[in-house]
Amino acid sequence: MTEKLLEIKHLKQHFVTPRGTVKAVDDLSFDIYKGETLGLVGESGCGKSTTGRSIIRLYEATDGEVLFNGENVHGRKSRKKLLEFNRKMQMIFQDPYASLNPRMTVADIIAEGLDIHKLAKTKKERMQRVHELLETVGLNKEHANRYPHEFSGGQRQRIGIARALAVDPEFIIADEPISALDVSIQAQVVNLMKELQKEKGLTYLFIAHDLSMVKYISDRIGVMYFGKLVELAPADELYENPLHPYTKSLLSAIPLPDPDYERNRVRQKYDPSVHQLKDGETMEFREVKPGHFVMCTEAEFKAFS
Amino acid sequence: MQNIPKNMFEPAAANAGDAEKISKKSLSLWKDAMLRFRSNKLAMVGLIIIVLIILMAIFAPMFSRYDYSTTNLLNADKPPSKDHWFGTDDLGRDIFVRTWVGARISIFIGVAAAVLDLLIGVIWGSISGFRGGRTDEIMMRIADILWAVPSLLMVILLMVVLPKGLFTIIIAMTITGWINMARIVRGQVLQLKNQEYVLASQTLGAKTSRLLFKHIVPNAMGSILVTMTLTVPTAIFTEAFLSYLGLGVPAPLASWGTMASDGLPALTYYPWRLFFPAGFICITMFGFNVVGDGLRDALDPKLRK
């Protein structure tokens with residue numbers, strides 16, 4: 001757990017729009033350790049998905065570095081080098097209805113990575129690999145020649161997982177992989193992801209807004225607010241001892257199926273003015289306890305630690 | 001009902017694999033669309049009309065006693081009879097044969113213009129939409145400028161510069177015709193390039209050509225096909241219109257347009273000289289339009305059950 005797989009240093013992703021610059025991701029720094037699951041939570045539009053997509057180079061980062069095994073992913077790269085990164089880093093998408101090409105058979109979808117990286121020498125080998133992958137994600141071999149529209153949401157999401165696994169990645173970015181599925185299927189997909197992690201030693205960046213699901217799958221959790229990371233801590237620590245007022249606010253919003261608790265639950269609102277920033281002072285990301293980082297002012301830092 | 005003893009029940013064999021089984025026959029989206037097209041009666045009528053006209057255009061002149069260019073002044077301007085089903089024109093040529101020879105030329109012009117539009121439009125539109133930014137801006141402004149010049153003016157100018165003939169007509173029509181196709185393809189590409197399956201392919205390391213021709217163009221094929229089908233009747237009609245301006249195919253070749261324009265002065269005395277070619281222009285345009293509409297309905301994913 002101590003080996004860093006991914007280091008993100010001062011990652012910035014700004015989009016220029018006619019109405020000014022949108023700072024979708026603003027100066028983000030964190031590490032992901034080998035074999036862990038890092039959960040990333042935050043409200044809609046806070047830059048979670050953009051972070052994931054910038055890491056995997058779907059967007060060209062405005063500034064900052066993403067080091068994978070010590071090597072920068074961004075910047076000018078030869079095609080060979082890029083293909084290498086593409087094999088090691090994969091992504092699972094949010095919408096199982098939009099993430100599979102409706103004109104291709106399941107076999108062609110799953111084998112796309114094999115085709116691009118020329119991992120299968122013969123047609124037979126390619127088909128065999130597709131069958132293996134289908135079985136890995138709990139689908140039938142006979143499904144290979146069908147089209148995506150014939151499957152349910154959960155089945156499609158598993159096809160998406162099989163496609164990502166085809167190139168034997170080390171690191172998978174799961175961009176809200178379960179938010180489009182109904183609850184019974186969510187557990188199925190999350191458990192499949194957990195099993196695969198154990199089996200293949202995968203590392204996950206799990207982006208979601210369902211806090212209970214994130215707690216279930218993550219080792220550590222990062223909380224994002226307006227393009228910035230405000231708190232990063234081990235999962236249990238974050239739930240038991242939230243420090244940043246925004247994290248407290250998020251946690252206070254989780255409903256429980258318990259009428260007594262629900263009647264007394266007070267939802268806290270987050271108001272950035274509680275930090276009482278002095279003129280010229282900025283918030284910084286500080287380590288208050290080993291492994292527990294909070295975005296805070298100097299005064300708060302003293303109070304926390 | 002209550003009297004059925006318990007021992008008559010037998011638990012069904014539980015088979016883990018069965019849970020994921022899909023019993024419906026596998027259907028690709030194309031097959032699905034074809035099924036829907038076939039249940040559309042009007043479109044099927046249109047398709048039958050087009051097939052019949054094409055078959056007649058190919059075979060009728062081969063098996064006729066008459067030749068489309070041999071004149072026989074003794075037999076001029078005869079009304080439809082047993083010998084000449086559609087009558088004869090002012091030079092005694094059989095109108096039945098000339099109609100089908102004209103069909104060859106009219107349909108050839110229509111189809112050739114549609115195919116050329118397709119090639120140029122798809123390439124121009126997909127590059128413009130996919131590259132985006134400044135490339136898109138420049139390419140679309142060029143199209144806008146061409147679109148702004150009255151197409152008739154451009155066609156007439158071209159006909160003056162180029163030698164008179166079939167290919168000049170086709171080129172003249174393509175020079176403005178492709179813009180419509182390019183705009184439609186660009187719109188589709190803009191919409192499709194941010195689909196998650198395209199992003200997924202990108203994270204797997206696909207090249208631009210793969211993204212375009214494996215993912216984007218096949219999914220835009222529906223609109224492309226519909227546009228193409230609707231281009232054919234427009235081209236046939238434009239050709240007829242050019243014939244009236246004296247810019248049609250040179251004699252003794254016949255197209256429906258030149259035949260109709262030759263027949264017009266004699267309308268009061270020998271109406272069949274105008275009626276047959278004009279009638280076939282109408283029927284063919286009807287056929288292609290109905291088939292185009294039918295295709296649009298059949299390929300519209302929103303209508304899928």
Side-chain angles (χ1 to χ4, degrees), chain A residues 52-53 56-59 79-80 82-87 89-106 108-109 112-117 134-135 137-152 154-155 158 160 163-164 166-167 169 172-173 175, chain B residues 15-36 131-134 137 188 191-225 299-305:
Chain A
R53 289 180 178 189
I56 204 165
R57 260 191 92 119
L58 275 177
Y59 300 140
R79 170 133 181 97
K80 212 177 136 217
L82 277 179
L83 279 176
E84 225 174 90
F85 280 128
N86 288 327
R87 274 198 66 180
M89 221 191 270
Q90 269 305 305
M91 192 153 181
I92 301 169
F93 290 87
Q94 172 175 8
D95 183 356
Y97 289 87
S99 64
L100 307 177
N101 186 343
R103 304 260 175 228
M104 282 163 84
T105 61
V106 168
D108 285 336
I109 291 172
E112 185 162 24
L114 304 177
D115 296 343
I116 291 172
H117 296 276
L134 276 173
E135 270 164 23
V137 297
L139 291 170
N140 268 348
K141 270 200 281 193
E142 290 89 62
H143 290 163
N145 293 320
R146 290 183 175 272
Y147 289 85
H149 65 264
E150 303 174 60
F151 293 89
S152 69
Q155 288 174 319
R158 283 184 273 162
R163 168 177 60 193
V167 291
I172 293 183
I173 297 171
D175 185 4
Chain B
N15 188 342
D18 279 354
E20 303 288 353
K21 211 164 170 177
I22 306 173
S23 48
K24 202 182 155 199
K25 235 177 96 222
S26 177
L27 270 184
S28 77
L29 283 185
W30 285 117
K31 284 187 208 150
D32 194 44
M34 280 309 117
L35 277 181
R36 239 167 317 131
R131 298 292 304 228
R134 180 164 291 179
E137 198 74 17
Q188 287 282 316
Q191 198 189 340
L192 292 171
K193 76 171 178 183
N194 287 320
Q195 289 282 318
E196 287 185 344
Y197 56 79
V198 179
L199 298 181
S201 181
Q202 226 173 318
T203 62
L204 281 165
K207 287 187 203 144
T208 310
S209 57
R210 187 186 176 90
L211 294 179
L212 272 177
F213 296 112
K214 270 255 158 177
H215 294 287
I216 294 176
V217 172
N219 280 289
M221 215 54 214
S223 337
I224 294 174
L225 207 64
L299 292 168
D300 189 346
K302 275 177 228 127
L303 296 174
R304 292 195 59 240
K305 280 157 272 167

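Each chain gets a letter, A, B and so on, in the order its sequence line appears, and its residues count up from 1.
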Practice prompt. Check each atom of D115(A) against the heavy atoms of chain B and say whether the ones under 4.5 Å are side chain, backbone, both or neither.
Written response: side chain
Worksheet item: For L100(A), is it the side chain, the backbone, both, or neither that has a heavy atom closer than 4.5 Å to a heavy atom of chain B?
Response: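 For L100(A), the backbone is the part near chain B, not the side chain.
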Practice prompt. Go through M91(A), Q90(A), Q94(A) and name the one with the most non-hydrogen pairs under 4.5 angstrom from chain B.
Written response: Q90(A)
Practice prompt. Mind ranking R57(A), R79(A), M89(A) by heavy-atom pairs under 4.5 Å with chain B and telling me who comes out on top?
Written response: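 Of the candidates given, the most pairs with chain B belong to R79(A).
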Item to complete: Indicate yes or no: at least one non-hydrogen side-chain atom of L199(B) is less than 4.5 angstrom from one of R53(A).
Response: yes
Worksheet item: So do the side chains of L204(B) and R163(A) get within less than 4.5 Å of each other, counting heavy atoms only?
Response: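 Answer yes - side chains close enough.
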Discussion item. Please list all pairs meeting side-chain hydrogen bond (donor to acceptor under 3.5 Å, both in side chains) that have one or both residues in residues 202-212 of chain B, counting only residues at least two apart or in different chains.
Written reply: E112(A)-R210(B)
Worksheet, complete the sentence: With sequence neighbours left out, the residues meeting side chain to side chain contact (heavy atoms under 4.5 Å, CB included) with P218(B) are R103(A)
Worksheet item: Of the non-hydrogen atoms in A98(A) and Q195(B), which two are nearest, and what is the gap between them?
Response: CB-OE1, 3.8 Å
Response to the item:
Closest heavy-atom pair, P102(A) versus N219(B), reported as atoms and distance to 0.1 Å, is CG-OD1, 3.2 Å
